[in-house]
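Written below as structure tokens is the structure these notes are about.
Values reported hereafter were calculated over all heavy atoms of this structure, with side chains retained and with hydrogens, waters and symmetry mates removed. Residue numbers start from 1 in every chain, and the chains themselves are labelled A, B, ... in the order their sequence lines are given, proteins ahead of strands.
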Amino acid sequence: MNNAEIAARFTRIADILEIQGENFFKVKAYRNAAATILDLDEPLSDLDKRGVLTELPGFGEAIVGKTRDFLSTGTTALYERIKNDVPEGVVQMARIPGLSPKSVKTLTDALGVSTVDELEAAARAEKVRDVAGFGAAKEAKLLENIARWRRLSETLPLYLALALANRYADAVRAFPETQRVEVCGEIRRGCETVSGVYLLVDTPTPIPALQAAAQLPGVTGTLDKSSSHITLATEAGVPLTVATYDAGLRWSAWGFAHLAATGSAEFYESLEPGNATNTVSLATEADVFAAMGLPFIPPELRDTPGIVQTVRENGVPMLITVADFRGQLHEHSTGSDGAASIREMAEAALMRGYEYLAITDHSRSLTIANGMTRALLEAQITEIADLNREFVPRGLTLLSGIEADILQDGAIDCEDDLLARLDIVVASVHRRYSESAEAMTARIVRAIEHPHVHIIGHPTGRLLGRREPFAVDMGAVIDTAKRTGTILEINAAPERLDLSAENARAVKEAGVLLSINADAHSVAGLDSIAWGVTVARRAGLSPGDVVNTFDLATLRAALKNGYPIITASVNVRSALTDTAIT
DNA sequence: GCCGTTTTCGGCCCGACTGTTTTCAGTCG
């Protein structure tokens, strides 16, 4: 068995044990093992030969033993014993929001259902309400949650889809005679959620390659096939398409194949690529664009309506890159729920070439996340001032900040006199997500209007694949941000990507500044910034639209200073765009 | 399950809030 197959087995074991009510930490141990394996870049069999299996984190006696069982025999006693105890449909039920493994066990035992479809039918037949611990209201909620789960499961968050695609791409690269494999489709375009993985393969033997693809681990069936492609159902829930490139047959060159496989279909058609078909040597996408008299259009822009016409008239907009960043403005430390000290975060920021880093730990009412009391925040302000005596000469300025909760009434969870002493105030919603659009809009608008709030963090609260954005009138949010000179965030944590590209584009078009932040809870978390940059590029953002590209003096000027500012932010922005920021 | 010891078992998942099931499971970062 290879790494991915063994990881899948450990995940399956965890799923079954969890529904059987096994100890939380035991379940977690199997999940951790699976995650560790998926992160490896060396086969477990090699690690075993080198005798270093026990050095992997979370690999104790039991998990090492089972790993060796899988390597030598393809299974292990525990798996054989429990594999038929819990049907796959029941495992899926436990992924429905609001349905814990315990509730799943109660419902399946009482109703005899073993798939989500059967559970849904039972709820519609008003049978769930008779189960002990449930009622009519909970039954209605269950139906809502099943519908929500269906919507959320149709796609994978980009970061998970990319990891999946890379695993499959590696497997296809190992096929005999494979010349080249590229991840295309929605992933290459940087879509925040992905409905299918698309691999383009250059091989002189397409038929055997497609047959081999159908045998890859995690593949559960064939949805569609032809002589040049196969679309497969996978355990991940989204289909995998493997398309073979066959020079001289369907496409005249790799450049075309790459372009068509990347899509979108609408974009590809709007290019009218037929006009360039007879041109020789279209080895790259850039060659194809050039043959049509166009500059290279980055994949992230290929879902933008009318982009071909826009590019013909105005050229390709200068899109922001990770290299443009001079700092980050929403990060955590051990001051609340981060894993790294402020000093460690500062060193990491220096290593990434940053000029500034804001520490924004949670505010007092978020006790779950170890939110800071007044005394602790005051101590942190002093600590940062002390650290700056060391770090400013080394080129990094630490900014004192807070991620303050936006309370239910829109008030900010920190005293004004403290907020006034901070360089950066991020305000975010962390509680009571299910309010009406009117209430949530009023709540956030009030927070934006707060004179000391600089940035609204993760403005819609979505968690990709898990929680939909809360109801809020984004137009009112943007209008208020414009009026008050408040910055809106693209939270780059890969499970958030909030604002979305669509919302971020609307923010830019309104002339409101954005900030992209990793919301890091560790040193490594800082690098999640790249996901946010992908979103920003899809939104067509340039460096001048994002305050993280400003030098420190310009940044300070862009933060609203006092209140009300009214339209000053717009003037600041145009001045910045015209001069220093490129 | 793993881990880290004051070496052989207890901590690890914190704890307030929410909704609605009337007594607690699910949720949040």
Side-chain angles (χ1 to χ4, degrees), chain A residues 10-11 13-18 20-36 53-67 76 78-79 82 94-107 110 128-142 144-145 148-149 330-339 360-372 402-408 413 426 428-435 457-458 461-463 466-468 470 491 493-496 498 518-522 525 528:
Chain A
F10 279 133
T11 300
I13 288 173
D15 286 341
I16 294 169
L17 292 181
E18 186 169 39
Q20 291 179 331
E22 185 51 270
N23 177 287
F24 171 90
F25 300 100
K26 184 189 281 196
V27 172
K28 197 175 173 193
Y30 283 113
R31 291 206 195 287
N32 287 344
T36 300
L53 227 40
T54 53
E55 289 171 24
L56 294 175
F59 274 58
E61 194 180 338
I63 286 182
V64 167
K66 289 179 178 65
T67 302
T76 189
L78 172 68
Y79 179 69
I82 66 172
R95 307 225 164 89
I96 296 170
L99 262 198
S100 68
K102 194 170 175 181
S103 306
V104 168
K105 183 153 176 39
T106 305
L107 287 171
V128 167
R129 62 182 63 184
D130 296 332
V131 178
F134 291 78
K138 205 161 181 179
E139 184 178 77
K141 201 85 174 168
L142 175 61
E144 267 180 47
N145 284 333
R148 180 169 297 131
W149 171 78
H330 172 185
E331 321 302 327
H332 297 274
S333 76
T334 48
S336 62
D337 59 346
T360 56
D361 277 312
H362 287 291
S363 59
R364 59 193 173 188
S365 78
L366 211 61
T367 50
I368 317 150
N370 196 23
M372 293 179 294
I402 190 169
E403 182 184 15
D405 263 41
I406 301 174
L407 302 173
Q408 186 177 4
D413 183 36
V426 179
S428 313
V429 171
H430 288 125
R431 282 227 182 96
R432 301 190 64 97
Y433 287 76
S434 52
E435 293 188 84
H458 43 76
R462 72 173 179 176
L463 290 178
R466 286 201 288 145
R467 187 173 71 209
E468 293 179 313
F470 49 61
N491 189 291
E495 69 276 15
R496 288 193 183 272
D498 178 13
D519 193 359
H521 287 71
S522 66
S528 293

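- Contact between the side-chain N/O atoms of A:Arg467 and the OP1/OP2 oxygens of B:dC28 is found at a separation under 4.0 Å.
- By the 6.0 Å contact criterion, CZ on A:Arg466 is open, its count of non-hydrogen atoms from other residues, nucleotides or ligands being 12 or less.
- Taking atom CD of A:Gln408 as the reference point, atom P of B:dC17 lies 12 Å away to the nearest angstrom.
- The pair A:Arg95-A:Asp15 meets the salt-bridge criterion, since a charged nitrogen lies less than 4.0 angstrom from a carboxylate oxygen.
- Whole-Å rounding puts the A:Leu107 CG to B:dT21 P distance at 13 Å.
- Pairing for B:dG19 is with B:dC24, a Watson-Crick or G-U wobble pair whose two hydrogen-bonding atom distances lie under 3.5 Å.
- A:His430 places a side-chain heavy atom less than 4.5 Å from the side chain of A:His458.
- Remark: the A:Ser336 side chain and the A:Asn370 side chain contain no N/O donor-acceptor pair separated by less than 3.5 Å.
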I'd like a table of atom pairs between the protein and nucleotides 9-11 of chain B - only N or O on both sides, under 3.5 Å - with the distance next to each one.
none

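- A:Ser365 comes within 4.0 angstrom of nothing in the nucleic acid, heavy atoms only.
- In this structure, A:Asp405 does not pair ionically with A:Arg364, as no charged nitrogen and carboxylate oxygen lie closer than 4.0 Å.
- Judged by the 6.0 Å distance and 45° axis criteria, A:Lys138 is positioned over the aromatic ring of A:Phe134.
- Between the C1' atoms of B:dG15 and B:dC3, the separation comes to 24 Å (whole Å).
- Residues A:Glu468 and A:Arg148 are paired through a salt bridge, judged by an N-O separation under 4.0 Å between the basic side chain and the carboxylate.
- Relative to the side chain of A:Lys102, the nucleotides B:dT21, B:dA25, B:dG29 differ in distance, and B:dA25 lies closest.
- Comparing the C1' positions of B:dT23 and B:dC17 gives a spacing of 16 Å, expressed to the nearest Å.
- Comparing B:dT18, B:dC28, B:dC13 against the side chain of A:Phe24 picks out B:dC13 as the nearest.
- Using a 4.0 Å heavy-atom cutoff across all strands shown, A:Arg31 reaches no nucleic acid atom at all.
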List every contact pair, protein side and nucleotides 1-4 of chain B side both N or O, where the distance is under 3.5 Å.
from: B:dG1; atom 1: OP1; to: A:Tyr30; atom 2: OH; distance (Å): 3.0
from: B:dG1; atom 1: OP2; to: A:Lys26; atom 2: NZ; distance (Å): 3.2
from: B:dG1; atom 1: O5'; to: A:Tyr30; atom 2: OH; distance (Å): 3.2
from: B:dC2; atom 1: OP1; to: A:Gly60; atom 2: N; distance (Å): 2.8
from: B:dC2; atom 1: OP1; to: A:Gly60; atom 2: O; distance (Å): 3.2
from: B:dC2; atom 1: OP1; to: A:Glu61; atom 2: N; distance (Å): 3.4
from: B:dC2; atom 1: OP1; to: A:Ala62; atom 2: N; distance (Å): 3.4
from: B:dC2; atom 1: OP1; to: A:Ile63; atom 2: N; distance (Å): 3.2
from: B:dC3; atom 1: OP1; to: A:Gly58; atom 2: N; distance (Å): 2.9

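- Closest to the side chain of A:His521, from the set B:dA16, B:dA25, B:dG29, is B:dG29.
- Nucleotide B:dC28 holds its C1' atom 12 Å from the CD atom of A:Glu403, rounded to whole Å.
- No donor-acceptor distance shorter than 3.5 angstrom exists from the side chain of A:Asn32 to the backbone of A:Gly58, with no hydrogens or angles considered.
- A cation-pi geometry, defined here as NZ or CZ lying under 6.0 Å from the six-membered ring centre and within 45° of its normal, holds between A:Arg467 and A:Tyr433.
- Within the nucleic acid shown, A:Arg496 comes within 4.0 Å of sugar-phosphate atoms alone, with no base atom in reach, counting heavy atoms only.
- Rounded to an integer number of Å, the gap from CG of A:Asn491 to P of B:dG29 is 10 Å.
- Rounded to a whole angstrom, the distance from the C1' atom of B:dC9 to that of B:dA16 is 30 Å.
- B:dG10 and B:dT6 are spaced 14 Å apart, taking the C1' atom of each and rounding to whole Å.
- Going from atom NZ of A:Lys141 over to atom P of B:dC24 covers 21 Å, rounded to whole Å.
- A gap of 16 Å separates the P atoms of B:dT21 and B:dT27, to the nearest Å.
- The phosphate of B:dT21 has neither OP1 nor OP2 within less than 4.0 Å of any side-chain N or O from A:Lys138.
- Comparing B:dT20 with B:dC14, their P atoms are spaced 27 Å from each other, to the whole Å.
- Regarding A:His362, its NE2 atom lies at a distance of 15 Å from the C1' atom of B:dG15, rounded to whole Å.
- Side-chain N/O atoms of A:Arg431 include none lying less than 4.0 angstrom from OP1 or OP2 on B:dT27.
- For A:Arg462 (side chain) and A:Arg496 (main-chain N/O), a donor-acceptor pair under 3.5 Å exists by modelled atom type.
- Under 4.0 angstrom from either OP1 or OP2 of B:dG29 there lies at least one side-chain N or O belonging to A:Tyr433.
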